[in-house]
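Bear in mind that the values here come from a model prediction, so they are computed numbers and not experimental data.
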Amino acid sequence: MKQFFLILFLVPILLFSQTEVKAIFNKNNSPLKEQTITCVKTDQSGLSWIGTLEGLFCFNGKKWIKLTKKNSKLPSNKVLCIEIEKEKKYIGTTNGLLIINNNNWEIYNTKNSNLPSNKIRKIKIDNSSTAWLATSKGLVKYKKEFESVLSSKKTGIKNDDFISLDIDQNNKKWIGTNTGLYSYNDKIWRVFTKKNT
């Protein structure tokens, strides 16, 4: 009988503790406009970084800050992707890459680096802390310098306009285009299309 009462007492507490508090942010309760969000990441401090087609937003749970070309070093207001590794933030835009490391903001583009394109669509970090970038002109890796590893210019692939990117548990890169899927690992690449799969 005591066990029964104990269960009746604990179940509501356990259920309540597992209930998530959800908030919906829109143009009425935030500076965000509808249907412009491209990516969201949260850093180690709990600060949320929200990429939109009209700037980069930071939200700490109470206060919003909007970053644009006018009030920051953001190379474009069109933010396409965000990746975070410890203190380092990678912000991919339509006009280059912004890397924020603590308080240091560095912009990279085709004029000041080996980036083949300024349009950075996706960024992923592998298990050796190397950043991989899917651009509109190929796959690029970045540790201390940018190196193009998969592109029509370097490897002769037919479509290097990459729109998506992920890295699996074996450190293999999977890159998507509008005409097929590529895999890349240790300088070996394969293409998968509707003709061969």
Side-chain angles (χ1 to χ4, degrees), residues 25 27 30-60 63-126 128-154 159-167 173 175-178 182 184:
F25 298 102
K27 63 182 179 181
S30 76
L32 298 173
K33 293 186 178 178
E34 293 177 5
Q35 301 177 353
T36 61
I37 298 170
T38 56
C39 50
V40 179
K41 286 285 181 179
T42 303
D43 66 21
Q44 291 178 324
S45 70
L47 183 66
S48 293
W49 298 74
I50 301 129
T52 76
L53 297 179
E54 296 168 4
L56 177 66
F57 292 84
C58 295
F59 181 60
N60 67 1
K63 186 178 178 182
W64 293 89
I65 295 174
K66 182 178 181 180
L67 303 173
T68 64
K69 285 179 65 176
K70 289 183 179 179
N71 66 358
S72 72
K73 288 188 175 181
L74 198 64
S76 169
N77 289 337
K78 293 184 179 181
V79 177
L80 303 179
C81 56
I82 300 169
E83 188 62 89
I84 297 176
E85 185 199 25
K86 298 177 182 174
E87 302 87 22
K88 195 177 284 188
K89 288 89 178 167
Y90 297 85
I91 316 291
T93 76
T94 56
N95 198 30
L97 175 69
L98 170 63
I99 299 178
I100 303 170
N101 194 1
N102 294 317
N103 291 324
N104 188 27
W105 294 47
E106 294 289 335
I107 298 170
Y108 298 96
N109 54 43
T110 55
K111 292 179 180 177
N112 67 2
S113 72
N114 289 328
L115 275 173
S117 168
N118 286 329
K119 189 176 278 187
I120 315 297
R121 289 199 174 109
K122 295 291 177 189
I123 305 167
K124 291 289 179 180
I125 310 293
D126 70 11
S128 67
S129 296
T130 299
W132 293 82
L133 292 74
T135 77
S136 62
K137 290 186 180 176
L139 179 66
V140 176
K141 71 177 182 177
Y142 173 77
K143 190 79 172 189
K144 293 181 179 178
E145 293 182 6
F146 294 94
E147 179 187 348
S148 183
V149 294
L150 190 60
S151 68
S152 58
K153 190 175 181 180
K154 183 166 184 168
N159 187 356
D160 61 2
D161 188 7
F162 295 130
I163 56 175
S164 60
L165 168 68
D166 204 1
I167 302 174
K173 290 74 186 172
I175 317 103
T177 72
N178 284 318
Y182 289 85
Y184 179 85

Practice problem: For the pair Lys154 and Asp160, evaluate side-chain contact (heavy atoms from CB on, under 4.5 Å) and give the outcome as yes or no after the intermediate values. | Solution: CA-CA 10 Å; Lys154 183 166 184 168; Asp160 61 2; over 6 Å; no
Exercise. Indicate the ring-plane relationship of Tyr184 and Trp132, choosing parallel, tilted or perpendicular according to the 30° and 60° boundaries.
Key: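 Answer is tilted, since the angle falls between 30° and 60°.
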Measuring from [X]:[atom1] to [Y]:[atom2], what's the distance to the nearest 0.5 Å?
X	Y	atom1	atom2	answer
Leu56	Ile50	CG	CD1	8.0 Å
Ile99	Ile123	CD1	CD1	8.0 Å
Asp126	Lys141	CG	NZ	8.5 Å
Thr93	Asn118	OG1	CG	7.5 Å
Leu97	Leu80	CG	CG	11.0 Å
Ile65	Phe57	CD1	CZ	11.5 Å

Practice problem: For the pair Tyr142 and Leu115, evaluate side-chain contact (heavy atoms from CB on, under 4.5 Å) and give the outcome as yes or no after the intermediate values. | Solution: CA-CA 10 Å; Tyr142 173 77; Leu115 275 173; over 6 Å; no
Within a strict 4.5 Å, meaning less than it, do heavy atoms of the [X] and [Y] side chains meet?
X	Y	result
Leu74	Val79	yes
Lys122	Glu83	no
Lys137	Ser152	no
Ile82	Lys89	no
Lys78	Lys119	no
Pro75	Leu98	yes

Practice problem: Could you tell me whether a side-chain N or O of Thr38 sits under 3.5 Å from a main-chain N or O of Gly51, the two making a donor and an acceptor? | Solution: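 Pair found, side chain donor or acceptor close to backbone of Gly51.
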Quiz item: When you look at Lys63 and Cys58, which way does the side-chain contact (heavy atoms from CB on, under 4.5 Å) test go after all the steps?
Solution: CA-CA 8 Å; Lys63 186 178 178 182; Cys58 295; over 6 Å; no
Exercise. Heavy atoms only: give me the nearest Thr42-Ser48 pair and the separation to one decimal.
Key: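 Scanning both residues completely, I find the closest heavy atoms to be OG1-OG, 3.3 Å.
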Exercise. For residues Asp166 and Lys124, report the shortest heavy-atom separation together with the two atoms involved.
Key: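 Smallest interatomic distance, heavy atoms only, reads OD1-CE, 3.7 Å.
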Quiz prompt | Whether over 12 other heavy atoms sit under 6.0 Å from Lys153 NZ | solution =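 Counting neighbours around NZ of Lys153, 12 or fewer heavy atoms of other residues, nucleotides or ligands fall under 6.0 Å, so no.
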Self-check item: Atom NZ of Lys111 with >12 non-hydrogen neighbours under 6.0 angstrom
Solution: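 No.
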Quiz prompt | Distance-only side-chain donor-acceptor flag, Ser45 / Asp43, under 3.5 Å | solution =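 The answer is yes; a qualifying pair exists.
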Quiz item: Regarding Lys73 and the six-membered ring of Trp105, is the cationic atom NZ or CZ under 6.0 Å from the ring centre and inside 45° of its axis?
Solution: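 That pair does not qualify as a cation-pi contact.
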Exercise. Using a strict cut-off of less than 4.0 Å between a Lys/Arg side-chain nitrogen and an Asp/Glu carboxylate oxygen, indicate whether Asp161 and Arg121 qualify as a salt bridge.
Key: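 Yes, this pair counts.
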Can you tell which of [options] makes a side chain to side chain contact (heavy atoms under 4.5 Å, CB included) with [X]?
X	options	answer
Tyr90	Ile125, Ile84, Leu133, Ile120	Ile125
Val140	Ser151, Pro116, Ser117	Pro116
Lys88	Ile100, Asn104, Asn101	Asn101

Quiz item: side-chain contact (heavy atoms from CB on, under 4.5 Å) between Asn95 and Asn109: does it pass, once the steps are laid out?
Solution: CA-CA 7 Å; Asn95 198 30; Asn109 54 43; 5.7 Å; no
